[in-house]
Structure formats: C-alpha cells, structure tokens
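As the structure is a prediction and not an experimental result, all values here were calculated from the model. When a ligand or atom number is given, it counts from 1 through the structure's own listing order.
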Amino acid sequence: MNVIFESSQKLGKLPPYLFVEIDRLKKKLLEAGEDIINLGIGDPDLATPQEIIDELNRTSRDAKNHCYPMDLGVKELRYGITKWFSNRFSVDLDPDCEVLPLIGSKEGIAHFPLAVVNPGDVVLIPEPLYPPYRSGAIFAGAEMIYLPLEEEHGFLPQVKSLDKDILKKTKILYLNFPNNPTTSVVDKEYLEDIVQMAREFNFIILYDAAYSEITFDGFKAPSILEIKGAKDVAIEFHSFSKTYNMTGWRLGWACGNRKLVEYLRQVKSNIDSGVFNPVQFAGIKALEMYPDHITQVREIYLNRRDVFLNALGKCGWEIDYPKSTFYIWAKLPKNVDSTKFCKMLLEECHLIATPGIGFGPSGEGYVRFSLVTTEERLLEAAKRISKIL
Ligand SMILES: *Cc1c(COP(=O)(O)O)cnc(C)c1O
C-alpha cells in the first residue's frame, strides 16, 4: 500500500525555497565544466589554523575524550570563553552558569524559542534575515512580526516605533550585529535604548554576534552585554565559524542571563548530546590564538573588499564599503529585480550571487556578494559584471 504522509503543519509553514530555477541553471553550468565564480555562500574559503587542527588531533587520541560530552560543555572551554570575553569586551561572565557551548551557534539560536515561547507570544524578527530566526520561531509556535531593515534607517530595526500593545506581547527580539546580509553595525546608544525597552516591556533580546570579530577601518563591534542592565534581559550567541574559519567544525556558545542560558541548556540536553570533546579543546586553542590570527583574516577580507568595490566603482557601480562581515550588500538600480539580476549574473557572467529577496521582502533591490575567493578572482568577477552593467 502506498501511504502518503504530509509534513507537519509547522514544517509546512516554512517559506518555499525561492531559487529552484537558479539552482537548476547552476547545476547545468557546472556539469558543462564552465568556470563559475561562487560569491553566493557564507562560508570562508580560508583554512582553519594549523594549531587548532593539531589540538583536535592530539586530544582525539585520548580515550577519555571519546565519551558523551557533558551537557554543560568542557569546563576549560567555558573558562577560556570567559577569559576571552573579559579581555575583548570587559564583561565578566560566570563560567559555571552564564556560558554554554553549542554545536555551532545556529542550533542554539533555533532552539532558544523552544525554551521560552508560549502560545500567543510574539517574536520580533528583523528582515532581511538569517533563516534560523524564522524557523526557530515557527517550530516554537510563536507569532512572528517582521521588522524591515531599511537603508534610510541605517538598516537598524525601528523597535521604538512599534505599538505598545505589540511590545507588551513580545517575548523575544532578535538582533544581529554586525548584520548578515546588510553588513550594518550598531553603536552603544542604540543598544542602550533597546535594553531599556526590553526591561520596560519585559522581553528577551537574542543577540547574534557571529561577525563581531570581522570588522574593518578601526570599527570594534560591541557586545550587548557591555550595556548596563543587559544581563537581565539578553542572551548573546557567538561562533567560531567565521572568526577562525571553522564552519564545518560546529562550535559556538551562548552567554548572558543565567536563567536564559539554563533554559537553553535544558532544551538541548533533551535533544542533543553536545560537542565532541576534542572539538571543544580545539576551541580553547582558537581562543588562545586571539588576536593574532584574526588580524590576518581581517586584512585579507579588507583587501578583497577594496579590490572588488574599487573595480566595480570604476565601471560605474558605486557600492558602500562595509565596516564589517565578508559580505557586500549591493544596491541595484531602481526597479531591477534581484532574482532576475542574479539569473543574468549566472547566465552571462557565470557568477553566483544571492538575490536579496531570498533573505526577506525588504532585501528586494539588493544582491549579496560573499568575499570568499581570492583578489584575483574578485577582479575577474568585477570584469565580468562590468560587461552587463
Ligand atoms: C554564519 C552565521 C552564524 C554562525 O553559524 P554557526 O552555526 O555558528 O556556524 C550565525 N548567525 C549568522 C547571521 C551567520 O551568518
């Protein structure tokens, strides 16, 4: 008998995947052996530093590291994180209850709503967005309200202009700075206002700081935990993925309010069994390498940014130079459709970029380029783009 199962209603609520046609085209060109430049993915082309790999190798030989990890994570990693945090942000964390290692920050971000959301609770999600914000909220049964990130407001969510009735029903506000995909950054005054509102209206700030270390031109990204009173209302997510080129290793952490960290630990201890211990030891090594390694990484992305944007500027496409992230959020001429533009980039330039609309309706009119290839290839990409401008 042929039984057809339907997906759950929650799974069915996830938005449809938009880029079927672009993917088909991409596959066809790759199969034909075409020289494709891929600026579509948010995944560094750079290697994980050798010292980190060596530490994984060393610790993986010890049988006592082969067991289930503790759900609190390796103690030495939690202490390493608090030491790094206090050097980097001058914020003191209690390693025993204000820090929780994660299997990459994505799972923590997606799981967190399960720990705090009840039926009828509102979550505020800025868009264009990193998709796990939305999927986590959907799986938790939250009511979602999107906050558009618009150029006229520096791509900052306008939380202050929200109706008081909405704020009263709000359980979580998601914030991501430095921002993927808009590359926007915040100052402490903005965060002070937000923290004050969170305390007044009793909502949680979920602060995604995955790009906190990928910054240029003297800009230093703040942690929301630097703001007075933030520890009462905020949980912040950090990742080894972008800082140390460790996307495949799956390592990140949550930190901040101890209750919120504890609720997340409870959810996770019922779903997963933590990060392979040697990966956690490798993470300690990574933190010890700060800031020498990241200084080199910043310089690489900075040079790529300048080479690519200078070249595009010379052919008449002026794009703002981002202060952070390895993305370029490029505004298209008026009325140019981002999906059509990316299809044209693929067909005529053999170049992959992400249409802004893929991150949400407010992303329409933009494309995202990732600077995840060499300066030489970025120059080649700019040359190809110039032919269709
Ligand atoms: C890459 C990224 C992360 C980090 O994900 P990991 O699961 O730690 O690899 C988190 N947030 C945003 C916005 C990202 O782009």
Side-chain angles (χ1 to χ4, degrees), residues 39-46 48 52 73 77 81 84 99-113 123-137 146-147 149 155-157 172-186 205-215 221 223-224 234-256 264 268 271-272 274-276 279-280 282-283 286-287 294 297 301 322-329 353-354 356 358-360 362-363 366 368-372:
L39 308 182
I41 45 167
D43 197 346
D45 57 315
L46 307 168
T48 307
I52 299 175
L77 175 59
I81 289 168
W84 180 86
V99 178
L100 180 69
L102 301 170
I103 314 171
S105 61
K106 180 181 180 179
E107 63 93 352
I109 289 166
H111 280 139
F112 183 71
V123 302
L124 302 175
I125 308 184
E127 65 80 21
L129 53 67
Y130 177 57
Y133 303 155
R134 175 179 51 208
S135 20
Y146 294 106
L147 309 179
L149 300 180
F155 299 108
L156 303 179
I172 307 175
L173 164 68
Y174 290 69
L175 291 179
N176 167 220
F177 295 111
N179 185 258
N180 170 17
T182 69
T183 72
S184 64
V185 296
V186 266
I205 303 166
L206 187 163
Y207 197 83
D208 178 358
Y211 296 92
S212 67
E213 306 315 307
I214 317 269
T215 53
S223 157
I224 197 161
I235 182 165
E236 181 164 285
F237 289 81
H238 285 262
S239 172
F240 288 77
S241 292
K242 314 295 165 41
T243 313
Y244 302 99
N245 306 317
M246 290 175 73
T247 49
W249 293 60
R250 312 313 303 131
L251 186 62
W253 75 84
C255 59
L264 179 58
K268 279 172 55 59
I271 294 178
D272 65 61
V275 179
F276 184 42
V279 170
Q280 298 192 54
L287 293 172
I294 191 66
V297 169
Y301 289 133
K323 279 202 184 66
S324 181
T325 77
F326 47 69
Y327 302 112
I328 302 297
W329 188 238
T354 313
F359 302 100
S362 303
Y366 294 84
R368 192 192 74 177
F369 297 106
S370 303
L371 302 171
V372 292

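- In plain terms, the two heavy atoms of Ile224 and Ala234 that are nearest each other are CG2-CB, 3.8 Å.
- No salt bridge links Arg250 with Glu107; every basic N to acidic carboxylate O contact stays at or beyond 4.0 Å.
- For the residue pair Asn245/Thr48, the side-chain donor-acceptor check at 3.5 Å is not satisfied.
- For ligand 1, residues of the protein lying within 4.0 angstrom by heavy-atom distance are Gly104, Ser105, Lys106, Tyr130, Tyr133, Asn176, Asn180, Asp208, Ala210, Tyr211, Ser239, Ser241, Lys242, Arg250.
- Of the options Leu100, Val275, Ile81, a side chain to side chain contact (heavy atoms under 4.5 Å, CB included) to Trp253 is made by Ile81 and by none of the others.
- Between Tyr133 and Tyr174, the two ring planes are tilted [angle within 30° to 60°].
- Shown here are the side chain to side chain contact (heavy atoms under 4.5 Å, CB included) partners of Ser184, two or more places apart in sequence or in another chain: Phe155, Phe177, Asn179, Thr182.
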